[in-house]
Amino acid sequence: MDEVAYDKRRLRQWLDGRAGGFSRRDLMRLTAAAGVAGALLDATPAAADAAADGPIVKPLPPELLKVFGTNAETRWAALADVGYHVPVDRFFVRNHTSTPIVDGAAWHLEVFGAGLRGDPATFTLRQLKSLPSVTRSVTVECAGNGRSYFTSQQGQTVSGTAWGLGAVGVARWRGVRLSTVLRLAGLSSRAVDVQASGLDPNFVTGGVDLGPVRRPLPVRKALDDVILAYEMNGSPLPADHGAPVRLIVPSWIGIANIKWVGRIEVSDAPLFSPWNTQFYRFFGPEFPTDGQPFDRQSVKSAFELDPGAVLTAGRATRLTGRSWSASGRIKHVEVSTDGGARWRRARPVGPSIDDAWQRWELDWRPAAGEHVLLARATDVHGNTQPDVARFNTLGYLFDAVVKVPVSAA
Ligand SMILES: Nc1nc2c(c(=O)[nH]1)N[C@H]1C(S)=C(S)[C@@H](COP(=O)(O)O)O[C@H]1N2
Ligand SMILES: [Mo]
């Protein structure tokens with residue numbers, strides 16, 4: 001069964017009230033109390049962790065990161081001089097509350113639930129590190145990446161963090177396959193869903209405590225390519241990115257990549273949490289029923305410069321950027337320097353990796369004045385970027401070609 005069919009079945013079960021964990025009645029109550037839109041807008045940091053001054057631990061220099069409350073996005077101009085992987089100092093952070101400081105030596109992972117053959121299993125960090133490891137370059141991208149363009153480019157009102165295009169990054173993640181851990185824990189053939197919960201403070205919104213950040217994965221995805229990662233770019237996972245252990249879920253939306261994993265439930269029935277019911281669904285007139293589920297990211301492109309950048313008129317300039325697709329490698333990238341009238345193929349730079357991105361470049365000699373740059377990627381399956389993204393009230397999966405104003409003087 002594919003993901004869409006699976007999601008539809010879960011949606012039916014949820015609407016029928018057959019779902020455990022988070023009921024439709026809970027959602028109604030929440031919606032009445034705060035409104036789905038308010039629920040996101042009102043998201044403020046929970047009481048700061050004693051160990052951290054703010055919701056994010058690492059320094060947030062404005063030339064690398066742009067802060068939005070408990071979150072920070074990468075400045076694309078800060079990727080112009082780095083290689084394939086985004087260094088930790090400029091990797092975006094998406095925190096529902098605040099980065100907890102978890103002692104890796106005392107930490108252990110608990111795997112439990114009716115989808116196991118027997119009792120819960122526990123693993124220390126040392127045990128996880130002694131298991132066979134995998135290392136992969138994988139994109140983590142927030143489902144809301146590019147959300148501000150729904151408003152600035154399409155004139156639509158959406159709620160949530162007004163990200164530009166910087167809520168995305170590729171890193172080299174090392175860890176143990178989730179499948180290895182689940183099998184050691186005694187996975188049974190009855191298992192249906194696998195849900196990791198974070199050790200960060202509970203997410204409280206509209207006066208309702210939604211509990212720890214968590215979102216179920218169908219067991220098929222959990223056994224496929226998911227990693228319990230303990231290293232990022234060759235170093236132990238930093239606090240803000242989920243230390244000591246986080247999930248890496250290739251090609252799926254950012255929220256699937258649960259940070260600071262403390263427990264993993266393996267269920268014999270579909271699981272529901274606010275993060276696959278109230279959030280991370282498509283709501284709005286273009287989507288019937290209570291919200292269409294989705295799991296995968298889309299296709300996007302970005303230039304490695306700030307919107308509004310000033311270039312030197314009449315001088316050869318090398319435009320650089322990156323494109324990525326959750327469905328496969330990038331086949332080609334077209335760039336326009338005149339607002340979309342003419343398009344040229346960008347030159348690929350370095351590798352195009354499944355579940356990561358393709359770097360590219362194009363030489364251009366701008367005339368004095370204002371210009372609009374566009375980049376449009378197509379992946380090996382023919383998926384490409386539309387001119388208009390499909391409106392949804394929570395502003396997810398903005399995949400349209402972004403208009404980037406620059407000037408030359
Ligand atoms: N425990 C926990 N896991 C989490 C989150 C969170 O707030 N708490 N945010 C999620 C979201 S919405 C995204 S986009 C990614 C961001 O990962 P990063 O902060 O390492 O860039 O983490 C996900 N995992
Ligand atoms: Mo996200």
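Atoms within a ligand are numbered from 1 in the order they appear, just like the ligands themselves. These numbers were taken from a predicted model, which means no experiment stands behind them.
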| message | Ring centroids only, cut at 6.0 angstrom: are H96 and W275 within range, meaning strictly under it? | response | yes
| query | Tell me, which protein residue and heavy-atom name are nearest atom 16 (C) of ligand 1, and how many Å apart are they? | reply | R94 CB, 3.7 Å
| With backbone taken as N, CA, C and O and side chain as the heavy atoms from C-beta onward, which portion of Y280 lies under 4.0 Å from ligand 1: side chain, backbone, both, or neither? | side chain
| message | Under a 4.0 Å threshold between the charged nitrogen and the carboxylate oxygen, would R322 count as salt-bridged to E304? | response | yes
| Given that the side chain starts at C-beta and the backbone is N, CA, C, O, which of these parts of D200 lies under 4.0 Å from ligand 1, counting heavy atoms, or is it both or neither? | side chain
| message | Closer than 4.0 Å to some heavy atom of I258 - which atoms of ligand 1 meet that? | response | 3 (N), 24 (N)
| field | atom 21 (O) of ligand 1: the protein heavy-atom neighbour that sits closest, reported with distance to 0.1 Å | value | F92 O, 2.7 Å
| remark: In ligand 1, the atoms that come under 4.0 Å of a heavy atom of N95 are 7 (O)
| request: Just go through H96, K259, H241 and tell me whose heavy atom is the nearest to atom 19 (O) of ligand 1. | output: K259
| field | salt_bridge(E141, K300) N-O dist < 4.0 Å | value | yes
| task | Give a yes/no verdict on a cation-pi contact between R390 and F287, requiring under 6.0 Å between NZ or CZ and the six-membered ring centre and an angle within 45° of the axis. | result | yes
| Output field: ring centroids F303/W76 closer than 6.0 Å | no
| query | What atoms in ligand 1 come closer than 4.0 Å to a heavy atom of N257? | reply | 22 (O), 23 (C), 24 (N)
| task | Could you tell me whether K58 and D89 make a salt bridge, using a distance below 4.0 angstrom between a side-chain N and a carboxylate O? | result | no
| task | For G198, counting its heavy atoms only, list the atoms of ligand 1 lying under 4.0 Å from any of them. | result | 1 (N)
| field | Note: D355-R136 ion pair, threshold 4.0 Å (strictly below) | value | yes
| message | Using a plain distance cutoff, I'd like to know if I255 has any nitrogen or oxygen under 3.5 Å from a nitrogen or oxygen of ligand 1. | response | no
| Under 3.5 Å between some N or O of ligand 1 and some N or O of E141? | no
| Does the ring centre of F123 sit less than 6.0 Å away from the ring centre of H108? | no
| said: List ligand 1 atoms under 4.0 Å from W260, heavy atoms only on the residue side. | reply: 1 (N), 2 (C), 8 (N)
| task | Assess R214 for proximity to ligand 1: is some non-hydrogen atom of it under 4.0 Å away? | result | no
| field | Heavy atom of the protein closest to atom 15 (C) of ligand 1 (residue, atom name, distance) | value | G254 O, 3.5 Å
| Which residue owns the protein heavy atom closest to atom 17 (O) of ligand 1, what's the atom, and how far is it? | R246 NH2, 3.1 Å
| query | With no hydrogens and no angle check, do the side chains of R215 and N276 hold a donor and an acceptor under 3.5 Å apart? | reply | no
| Which of the ligand 1 atoms, numbered from 1, are nearer than 4.0 Å to a heavy atom of F91 | 21 (O)
| task | I would like to know whether W360 and H332 meet ring pair (Phe, Tyr, Trp, His ring centres under 6.0 Å); could you show each step before the answer? | result | CA-CA 9 Å; W360 46 260; H332 61 253; over 10 Å; no
